Engineer: 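Encoded as structure tokens, here's the structure I'll be asking about.
Read the numbers this way: they start at 1 and go in the same order the structure lists the ligands and their atoms. Counting from 1, the numbers follow the sequence of the chain as shown. In this text, all values refer to a predicted model and were calculated from it rather than measured experimentally.
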Amino acid sequence: MLILGIESSCDETAAAVVQDGNRVLSNVIASQVKVHGKYGGVVPEIASRKHTEAIIPVILQSLEDAGVGLGDIEGIAVTRGPGLIGSLLVGLSTAKAIAFARGLPMVGVNHLEGHIAAALLLEAPPASPFVALVVSGGHTNIYLFRDFQDCTCLGQTRDDAAGEAFDKAAKLLEIGYPGGVVIDRMAKQGNPGVIAFPRAMRDSLDFSFSGVKTSLLNMVKKQGRLFTEAELPDVVAGFQEAIVDVLVQKTLKAVENAAITRVVVCGGVAANSRLRERFYQDGKEKGVEVFIPPPVLCTDNAAMIAVVGEHLLTRGKRDGLDLNAVSRWPLELRS
Ligand code: KG4
Ligand code: ZN
């Protein structure tokens, strides 16, 4: 099928055309990073307004890039949740309008399932079942993925998500936004061994990142000043290493427990170069095949939503024009 995917759950307005669930014909992403940057985080009201401005041009661009017209599209997949309600509604209303006007089948997609599905766009995609770490700004969850709409959560964060910890740390250090990207870049110049940050909940598959963030805050408070430019690289390298360490160790523990040899790492934080490096390294040592989408398919995009749409629509799943956006939607729950 030729699917138009639409994603607007947070601060990226995205549309993509994907053929048969594995060929990306276009993948357009309009980022609002510059708009929210000055506030150090996403401002929901502004995000909705910006989505409203961007959604139609982004969709038109995705059709143009794919070299197709709306008349060629056979189905529409749209992010229904989880995410910011005002943001989600922009994509969802647009999807409904197109589906209604063109008489096309439409399906609402879980954003987290979308992140996992990005791995199916790899040249050599993983066979099911596999363990998946979804690590983003809003989530840090380990799943056993058997099939679409057939997942079990094996572990999750009890407080901050990993991406949130990066973003809050960067805000605290006053080094820029989005934090994950800035820290990834700056950490390359630093030595992760200089400052030891705590690793929480070692014996569980659940995560906690508030402690590592607090220890950074305490360091700043104790010295009564921000870190200098010379100090920062070692600080962020140590901070990043603590987060990467627990993400890799717990996920590979879950893989071992599940007696599975395949793991998918996805979501915005999976774009992190140190996380990718560590997963490939440690996976190899443990005989685990590691599947990580390219960075552009780790952060929010609509191609991943179209992939889920392909699988749900070909199985006959359809949503009506009464479909509502949902801010919370655990992946284990069927819609
Ligand atoms: O998946 P995503 O684009 O949106 C959500 O669903 O949340 O993830 C965004 C998160 C942000 O917290 C951002 O700081 C983080 O992903 N991120 C990174 C990197 N690129 C984005 N974190 C670490 N290293 C990166 N290179
Ligand atoms: Zn996301």
Engineer: Do we see a donor-acceptor contact under 3.5 Å between the side chains of S26 and D65?
Structural biologist: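 No - no donor-acceptor pair under 3.5 Å links their side chains.
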Engineer: To which protein heavy atom is atom 17 (N) of ligand 1 closest, and what is the distance rounded to 0.1 Å?
Structural biologist: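 Residue, atom and distance for the closest contact: G268 O, 3.5 Å.
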Engineer: Taking only heavy atoms of G163 into account, list the atoms of ligand 1 that are under 4.0 Å away from them.
Structural biologist: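 Those qualifying, in numeric order: 12 (O).
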Engineer: Heavy-atom count check: over 12 atoms from other residues, nucleotides or ligands less than 6.0 Å from K213 NZ?
Structural biologist: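 Counting neighbours around NZ of K213, more than 12 heavy atoms of other residues, nucleotides or ligands fall under 6.0 Å, so yes.
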Engineer: Locate the shortest heavy-atom distance separating G108 from D319; write the atom from each residue and the value.
Structural biologist: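 Closest approach of G108 to D319: N-OD2, 2.8 Å.
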Engineer: Between H111 and D300, is any side-chain donor less than 3.5 angstrom from a side-chain acceptor?
Structural biologist: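 Short answer, yes.
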Engineer: Quick one: which of Q249, E277, R274 gives a side chain to side chain contact (heavy atoms under 4.5 Å, CB included) with V244?
Structural biologist: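 That would be R274; it is the only one of Q249, E277, R274 passing the side chain to side chain contact (heavy atoms under 4.5 Å, CB included) with V244.
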Engineer: I'd like to know if the side chain of D160 pairs up with that of S210 as donor and acceptor (distance under 3.5 Å, no hydrogens or angles considered).
Structural biologist: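 No, because no side-chain N or O of D160 sits under 3.5 Å from a partner of the opposite role on S210.
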Engineer: To which protein heavy atom is atom 6 (O) of ligand 1 closest, and what is the distance rounded to 0.1 Å?
Structural biologist: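 I find the closest protein heavy atom is H111 NE2, 3.2 Å.
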Engineer: Starting from atom 7 (O) of ligand 1, which protein heavy atom do you reach first, and at what distance in Å?
Structural biologist: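 The answer is G137 N, 2.9 Å.
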Engineer: Looking only at N/O atoms, are H115 and ligand 1 under 3.5 Å apart anywhere?
Structural biologist: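 Right, the criterion is met.
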Engineer: Run the numbers for me: atoms of ligand 1, each under 4.0 Å from some heavy atom of V269, listed by number.
Structural biologist: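 By the 4.0 Å cutoff, the relevant atoms are 15 (C), 16 (O), 18 (C), 22 (N).
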Engineer: Tell me the protein heavy atom at minimum distance from atom 4 (O) of ligand 1, and give that distance in Å.
Structural biologist: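 Of every protein heavy atom, D300 OD2, 3.0 Å lies nearest to atom 4 (O) of ligand 1.
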Engineer: Kindly compute the distance separating CG (L4) from CD1 (I305), expressed to the nearest 0.5 Å.
Structural biologist: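 If I round to the nearest 0.5 Å, the distance is 12.0 Å.
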Engineer: Are I175 and V235 co-members of a hydrophobic cluster defined by side-chain heavy atoms under 4.5 Å apart?
Structural biologist: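 Yes, one cluster joins them.
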Engineer: Which of the atoms of ligand 1 are close to G138, meaning less than 4.0 Å from one of its heavy atoms?
Structural biologist: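 By the 4.0 Å cutoff, the relevant atoms are 7 (O).
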Engineer: Do V43 and Y177 sit in one hydrophobic cluster, given that two such residues count as connected whenever their side-chain heavy atoms are within less than 4.5 Å of each other, even indirectly?
Structural biologist: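 As far as the 4.5 Å side-chain criterion goes, Y177 and V43 are not connected within one cluster.
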Engineer: If the contact criterion is a heavy-atom separation under 4.0 Å, does A271 count as touching ligand 1?
Structural biologist: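 Contact check A271 vs ligand 1: positive.
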Engineer: Go through the steps for R49 and E45 under the test salt bridge (Lys or Arg N to Asp or Glu O under 4.0 Å), then give the verdict.
Structural biologist: CA-CA 7 Å; R49 285 165 192 263; E45 175 66 20; 3.0 Å; yes
Engineer: For ligand 1 and D184, I'd like to know whether there is a polar contact (N/O to N/O, distance under 3.5 Å).
Structural biologist: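 It does: an N or O of D184 is found under 3.5 Å from an N or O of ligand 1.
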Engineer: Do the side chains of L205 and V255 join up, straight or via other hydrophobic residues, at under 4.5 Å, putting them in one cluster?
Structural biologist: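 Same hydrophobic cluster.
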Engineer: Do the side chains of F207 and F166 join up, straight or via other hydrophobic residues, at under 4.5 Å, putting them in one cluster?
Structural biologist: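 Yes: a chain of side-chain contacts under 4.5 Å links F207 to F166.
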Engineer: Kindly confirm or rule out an N or O of G180 lying under 3.5 angstrom from an N or O of ligand 1.
Structural biologist: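 Yes, at least one N or O pair falls under 3.5 Å.
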Engineer: Taking both backbone and side-chain atoms of P178, is any N or O found less than 3.5 Å from an N or O belonging to ligand 1?
Structural biologist: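 The answer is no, given that P178 and ligand 1 share no N or O pair closer than 3.5 Å.
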Engineer: Examine the proximity of ligand 1 to D167 and report which part, side chain or backbone, both or neither, has a heavy atom under 4.0 Å away.
Structural biologist: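 The answer is the side chain of D167.
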Engineer: State whether the number of non-hydrogen atoms from other residues, nucleotides or ligands found under 6.0 Å of Y280 atom OH is greater than 12.
Structural biologist: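 Atom OH in Y280 is crowded, with more than 12 foreign heavy atoms closer than 6.0 Å.
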Engineer: Does F166, backbone or side chain, put an N or O under 3.5 Å from an N or O of ligand 1?
Structural biologist: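 Among all N and O atoms of F166, none is under 3.5 Å from an N or O of ligand 1.
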Engineer: Which heavy atom of the protein is the closest neighbour of atom 24 (N) of ligand 1, given with residue, atom name and distance?
Structural biologist: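 Of the protein heavy atoms, N272 ND2, 3.0 Å lies nearest.
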Engineer: Counting no waters, what protein N/O/S atoms lie under 2.8 Å from the Zn ion (ligand 2)?
Structural biologist: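 You should have found H111 NE2, H115 NE2, D300 OD1.
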